[in-house]
Every structure is written in C-alpha cells, then in structure tokens.
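Here's the structure we're looking at; comments come further down.
Sequence lines set the chain letters: A, B, ... in the order given, protein chains first and strands last, and positions in each chain run from 1.
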Amino acid sequence: MPGVASGVKEPMSIHAIATVLSGQVSLGRRIVVQGWVRTRRDSKAGLSFITLHDGSCFDTLQVIAPVELPNYASEVTHLTTGCALRVTGELVASSGKGQTVELRADHVEVAGWIEDPETYPIAPKPHSFEYLRSVAHLRPRTNSIGAVARVRHALAQAIQRFFHERGYFWVHTPIITASDCEGAGALFQVSTLDRVNPPRTAEGHIDFEQDFFGRETFLTVSGQLNVEAYCLALSKVYTFGPTFRAENSNTSRHLAEFWMVEPETAFADLHTNADLAEALLKFIFQAVLEERTDDLAFFAQRIDKTCIQRLEQVVSSPFERMDYAEAIRILEHANRPFAFPVQWGMDLQSEHERYLAEDYVGRPLILMNYPKEIKSFYMRMNDDNRTVAAMDVLAPGIGEIIGGSQREERLEVLDARLDELGINKTAYNWYRDLRRYGSAPHAGFGLGFERTVSYVTGMSNVRDVIPFPRTPRSADF
RNA sequence: UCCCCAGUAGCUCAGUCGGUAGAGCAGGUGACUGUUAAUCACCGGGUCCGUGGUUCGAGUCCGCGCUGGGGAGCCA
C-alpha cells in the first residue's frame, strides 16, 4: 500500500493500521497498534468492540476487548470517542461481517482519556464543516478532514515526483520580499518597528531605514519573479510553498495564506507551458487515484458522487484549448443572458468562465492570449501588439486553477510595458538584469494547491482542505 | 469590500398569531446483542449571539454590532 513504509521495523511489533489492513501482518501474530477510539460497543457475549483509527489510512481496525482483561470493567467499558489507546493482541480472522481481520486484545492501555465525553467536540456523527472549522485542532480526527490530509499529502508528493522525474529543480524562493508591487494583490507588511511609536523621517513618514531590513518589507505574493532568476540558470525549476495575500476576499476559493506551485521553464513558449500544465494535472490526479482509493471512495460516497469519474475523465482526455478571442465569440453567441455584457477586451467574469468550462466544454479548459490591458506587465507581448501570451486553466466547479504565461524576455518591450503602467523601473533592476544578460524565452505558471485539493476531493471550500485556514478576521489556532 | 441569508441544548435543527422552549444525534444509567450509523427504556442538559428599543409580555417585531454561510469583486 502506498504511503506505508513497508519493511521498516517498528519497535515492539508496533504496526500502523494501514500496514495491518494491507495484509502485511500474518494472522496469528501478536502485535501492538496505537490510535484513537472512534466508537465502542459492548456485547453481553463477554466482549467489547472498539473501532480504532490511527490516521494511517481511511479504514479502522476493530479491536475485540474480552471481559477477561483486568481493566475491562474499570476502563474498557468507559472508553468513549477520542480516547487514545495502545492495544496489544493477536491478529485474527474476523468472525463478524464488515471486516476481514480484527485484533483480539490481551492488553489495552489507555494513554489518554476524554476529560468530559459529553462536551468532547468531535462526536461520532456528521458535523458541519463550518462547525469543524471552529475546532480546527480536533477536526483532523474526523473521517473527512483526515481523508483530506492524506489526499493533500499524496498530491504534494506527486507534484514533487512529477517535477523531479522531468529534471526540474525545486527552488526555495524567499517568503519575505521588498517588492511592493508584484502585481498580484495587497501585501502583508513585515516589520519589527515599534507600532505605537515608530521612528519618523524629517517629513513625518515612518522611517523604514530603521526597520529590520533597512527598508519596507512584505510577505511574498508569488515566488515567480525570484524563480525566473534560477530558471535562466538551471533551465527547469519550480517553487512549492506558502504565499500570502492581504486581500479582503471572503469566498470559498480564497485564503490569505495558501500554497502554490510555480514551475518556470527556459526556452519554452506558451504552448510548451500549456502542455506542462496539462501533464502535471494528469500526473497528480492519476497518482491520487492509485494511492488514495480508500479516501476517494469516501469522498465519492459522502461529499461528491462524481469526484472519481471526474478525475478519471480528466486523466484520459485532452484539455480543451482556445484563444481568448474565440472564447469571446462563443460567449457572444451563447444562448443565455449574462449579468456582464460580453465584448472583446473585457476580463472574463465568473459567470463566463463557468459557462465555458462547465457548460460549453465540460472539462478543464485552457484559455490563451488575453488582451494586454487585463494582464500583468511581465507577460510576453504577442506580435499583434494587443494580446499577451497568457494562459488560464479553468476547471469546472472551481474556476481558475492555474494562471500563467510566457514571460517578456525582451528588455525594450518589458521597459515599455513598465513605463506604460507607471511602474518604477529601478525597483525591478535585478529583474531587468535577467533581460540584459543572456536573456532567453521562458514561461511558467502558478497552480493553486488548495484549489487543486478542492477539485480532487469535491470539498467545496478551500478552508477545509488546508489544516489551519487563514482568512480575513480569522487566524485562530 | 458589496448584495442576500442565518445565529435556539455538546452537535444538527423545529419553534404556528408575540404569552417564559422541543426533537434527533451525542452523553449518563439500565436491558438486549459477534457488534459495526446497533436496537430499546429512562435520566441529566438552555445567558434562545450581543446590545438597545417597541410591548402588560420578545426566541418571535424593529435598530445597531459581532460571528458564520452563499453569491460578486480580487485572484491561485
């Protein structure tokens, strides 16, 4: 079973439940399992059934606790949901329905009790995700959030494997940046100055020369600009880490702190870039289909009936690709009213993206070559002088899951764009240097990791696919 | 930030025309049982989000605030 370190000797025959259930432990062996009680049922036949989970896989292990245990009456019959146990016993074939093996305990050690079972926040019953967010430190004990955590891990590992196998180097771009106009939303300030009484300049402004870095600094909104420098040296690189946006966004698709994957490929054009995006999504979806069949089966059963077939379909069929101009023509002829009128030059609204991805093509769609006015300064100008080599991958149900472009590698064109937008060039001198010394065509994109997990699992809110979500007015835990 | 909706037991919710509160689940006790969303009986459990107002009387009507959800914008 993937994710299980088979062959790794654990002390005192301690086994993960995933290992036990995968058939790697032969019947009759005496083993130790450690985990938490999900439910307990007592039988007058002289035993209790304890459903134990340890997070190593979706499924639980049934522990049979016979009345002969010295602490049966004093402890076992008082176990409630959430109690931590260390159980020693013999792995036997189950004589009941619902499981093939079970652990016949000869020793049950309670590592941790539930202080007050009545008010323990995680009951063995369905909870709303809104409620679970309010107990984010305990929600990984639930079926759904536990499954999300394993799928998230599988996707992260698959991403690393995908790039590693293709010769991409993982570059650890900085979290703290001095660039206050990276072109992707508001930034969080980073400062060690006294907030009540900050040092002032003669003009009365805050004197950031006295701040920790000797200048004003922020949390990064993207590793792209930095990773371009490594791209034009190592050819194939990517970043994978947290990123921060101080936007007051209150939606199921936005977080103030989220993870992003940003590959950057030298000597690549927009179409190579789109090929890479498509191959990446297919690879990681295939991986999660193979490695987390248990968790996906749960999502298909309880969260989103179509999630497995959706992944299989994405893996097996080519993405639709179309130019922005073609998308506009399709929208103009769409037999439906839009709240926002359609015309060339406008930015696509959610309703338009949804129509295209969900109704018109019904699977992921790559839109390319947008008007330069609605895209960032670093995107490469096309020969028509009115569009740039940008691309967005739109996923049905999620919307924009990837945004990327071929980068402007020509210094004169880049400078013209910076001037046009009134951006101070000197702040970008190091970035402009990349165009002065051995500049080369290159392209890259950003994949929103939480949106990807959301798409895979069918969990409709990104706040439920990241362990501790940070959103406006919410940074608990 | 804007629009709409919601906030009642540990959780999910009901609460009629304004008359001082109820169910299911969870918890406790017992019965029954190789059980597995177990079943059955009984029991405990409430600052009705906060605040101000209308009223003889407010969970219910009105104002303000807080929190959450859905949608929009921004984007990944």
Side-chain angles (χ1 to χ4, degrees), chain A residues 38-52 59-66 77-78 80-82 92-99 102 104 114 116-135 138 142-143 182-186 221-224 242-262 277 301-302 339-340 347-351 353-354 374-376 392-395 398-404 445-455 460-464 466 471-474 476:
Chain A
R38 190 145 275 152
T39 58
R40 188 202 88 237
R41 295 173 297 278
D42 302 322
S43 168
K44 271 296 179 300
L47 50 107
S48 287
F49 302 96
I50 301 166
T51 303
L52 202 70
D59 290 312
T60 52
L61 179 67
Q62 176 158 281
V63 171
I64 308 298
T77 57
H78 294 94
T80 56
T81 303
V92 298
S94 177
S95 51
K97 291 178 188 126
Q99 61 281 318
E102 60 196 20
R104 181 161 286 274
I114 295 297
D116 179 7
E118 186 175 2
T119 56
Y120 178 55
I122 306 296
K125 51 158 278 178
H127 290 291
S128 68
F129 291 119
E130 293 82 7
Y131 167 70
L132 288 175
R133 270 171 233 152
S134 72
V135 286
L138 300 172
T142 63
N143 275 334
E182 293 186 13
V221 296
S222 165
Q224 180 204 318
T243 193
F244 308 87
R245 307 235 171 129
E247 298 286 356
N248 193 7
S249 298
N250 295 287
T251 81
S252 58
R253 283 156 281 122
H254 289 86
L255 294 163
E257 175 181 317
F258 65 100
W259 282 56
M260 192 155 59
V261 184
E262 296 176 289
Q301 186 196 335
R302 301 295 280 273
F340 293 83
D347 209 350
L348 264 39
Q349 307 292 317
S350 279
E351 56 174 347
E353 295 185 344
R354 281 204 166 149
I374 59 173
K375 289 295 181 181
S376 301
D392 282 354
V393 179
L394 307 179
I398 301 289
E400 187 178 339
I401 194 170
I402 283 177
F445 61 81
L447 168 69
F449 189 54
E450 282 72 26
R451 289 183 183 179
T452 305
V453 181
S454 187
Y455 183 74
S460 56
N461 196 318
V462 290
R463 296 170 193 187
D464 301 319
I466 190 168
T471 54
R473 296 181 308 282
S474 177
D476 299 330

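Rounded to whole angstrom, the span from the CZ atom of A:R133 across to the P atom of B:rU12 amounts to 12 Å. Note: CG (A:L348) to P (B:rA72) measures 14 Å, nearest angstrom. Atom CG in A:D392 sits roughly 10 Å away from atom P in B:rC75 (whole-Å rounding). Going from atom CZ of A:F49 over to atom C1' of B:rU39 covers 15 Å, rounded to whole Å. Rounded to whole Å, atom P of B:rA37 lies 11 Å from atom CD of A:Q62. Taking atom CG on A:L394 and atom C1' on B:rA76, their separation rounds to 12 Å, with Å as the unit. For the pair A:Q301 CD and B:rA37 C1', the computed distance is 11 Å after rounding to whole Å. At whole-Å resolution of the value, NZ in A:K125 and P in B:rC13 are 9 Å apart.
Nearest nucleotide to the A:E400 side chain, out of B:rU67, B:rG24, B:rC75: B:rC75. When distances run from any side-chain atom of A:Q349 to the nucleotides B:rG27, B:rA72, B:rC75, the shortest one goes to B:rA72. Closest to the side chain of A:S128, from the set B:rG34, B:rG28, B:rU12, is B:rU12. Considering only the side chain of A:R354, B:rG71 comes nearest among B:rC74, B:rC75, B:rG71.
Looking at heavy atoms from C-beta onward, A:L255 lies in side-chain contact with A:T471 at the 4.5 angstrom threshold. Using a 4.5 Å heavy-atom cutoff, the side chains of A:R245 and A:F258 are in contact. A:Q224 has its side chain out of reach of A:M260: every pair of non-hydrogen atoms, C-beta onward, lies at least 4.5 Å apart.
Across all strands shown, B:rA6 is found opposite B:rU67 as a Watson-Crick or G-U wobble partner, with both distances under 3.5 Å. The partner of B:rU39 is B:rA31, judged by Watson-Crick or G-U wobble contacts that both fall below 3.5 Å.
Regarding contacts with the backbone of B:rC74, every side-chain N or O of A:R253 stays at 4.0 angstrom or more from both OP1 and OP2. Distances shown here put a side-chain N or O of A:S43 below 4.0 Å from the OP1 or OP2 atom of B:rG34. An OP1 or OP2 oxygen of B:rG71 is reached within less than 4.0 angstrom by a side-chain nitrogen or oxygen of A:S252.
A distance cut-off of 5.5 Å between ring centres, combined with a plane angle under 30°, places A:F258 in a stacking arrangement with the base of B:rA76.
A gap of 6 Å separates the C1' atoms of B:rA9 and B:rG45, to the nearest Å. Comparing B:rU16 with B:rA21, their C1' atoms sit 14 Å apart, to the nearest whole Å. Separation of the C1' atoms belonging to B:rG34 and B:rG69 is 44 Å when rounded to the nearest angstrom. For the P atoms, the distance from B:rU29 to B:rA14 is 32 Å, rounded to whole Å. A gap of 13 Å separates the C1' atoms of B:rG52 and B:rA58, to the nearest Å. When the P atom is used for both B:rC43 and B:rC3, the distance is 50 Å, rounded to whole Å.
In the interface, the side chain of A:S95 is paired with the base of B:rG34 through a donor and an acceptor atom under 3.5 Å apart. Evaluation of atom-type donor-acceptor distances gives a pair under 3.5 Å for the side chain of A:Q99 against the base of B:rU35. Below the 3.5 angstrom threshold, one finds a donor paired with an acceptor across the side chain of A:N250 and the base of B:rU1. Not a single donor-acceptor pair, N or O on each side, falls under 3.5 Å between the base of B:rC66 and the side chain of A:R473. Side-chain atoms of A:R463 and base atoms of B:rG70 include no donor and acceptor less than 3.5 Å apart. Residue A:E102 places a side-chain atom within donor-acceptor reach of the base of B:rG34, judged by atom type and a 3.5 Å distance cut-off alone. One N or O donor and one acceptor, one from the side chain of A:S249 and one from the base of B:rC74, sit under 3.5 Å apart.
As judged by a 4.0 angstrom heavy-atom cut-off over every strand, A:N461 is placed among residues touching the sugar-phosphate backbone only. Using a 4.0 Å heavy-atom distance criterion, A:I402 is classed as a sugar-phosphate-only contact. Nucleic acid contact class of A:G448 (heavy atoms, under 4.0 Å, all strands): sugar-phosphate only. Contact annotation for A:H127: backbone-only contact, meaning every heavy-atom pair under 4.0 Å involves sugar-phosphate atoms and none involves a base. No contact: A:T243 has no heavy atom under 4.0 Å from any strand. In this structure, A:G98 reaches the bases: a heavy-atom distance under 4.0 Å links it to at least one base atom across the strands shown.
Heavy-atom distances to RNA chain B give each of A:S350 and A:T119 a nearest nucleotide, and the one nearer the 5′ end belongs to A:T119. A residue-by-residue look at A:P124 and A:Y131 shows that A:Y131 has its nearest nucleotide of RNA chain B further toward the 5' end.
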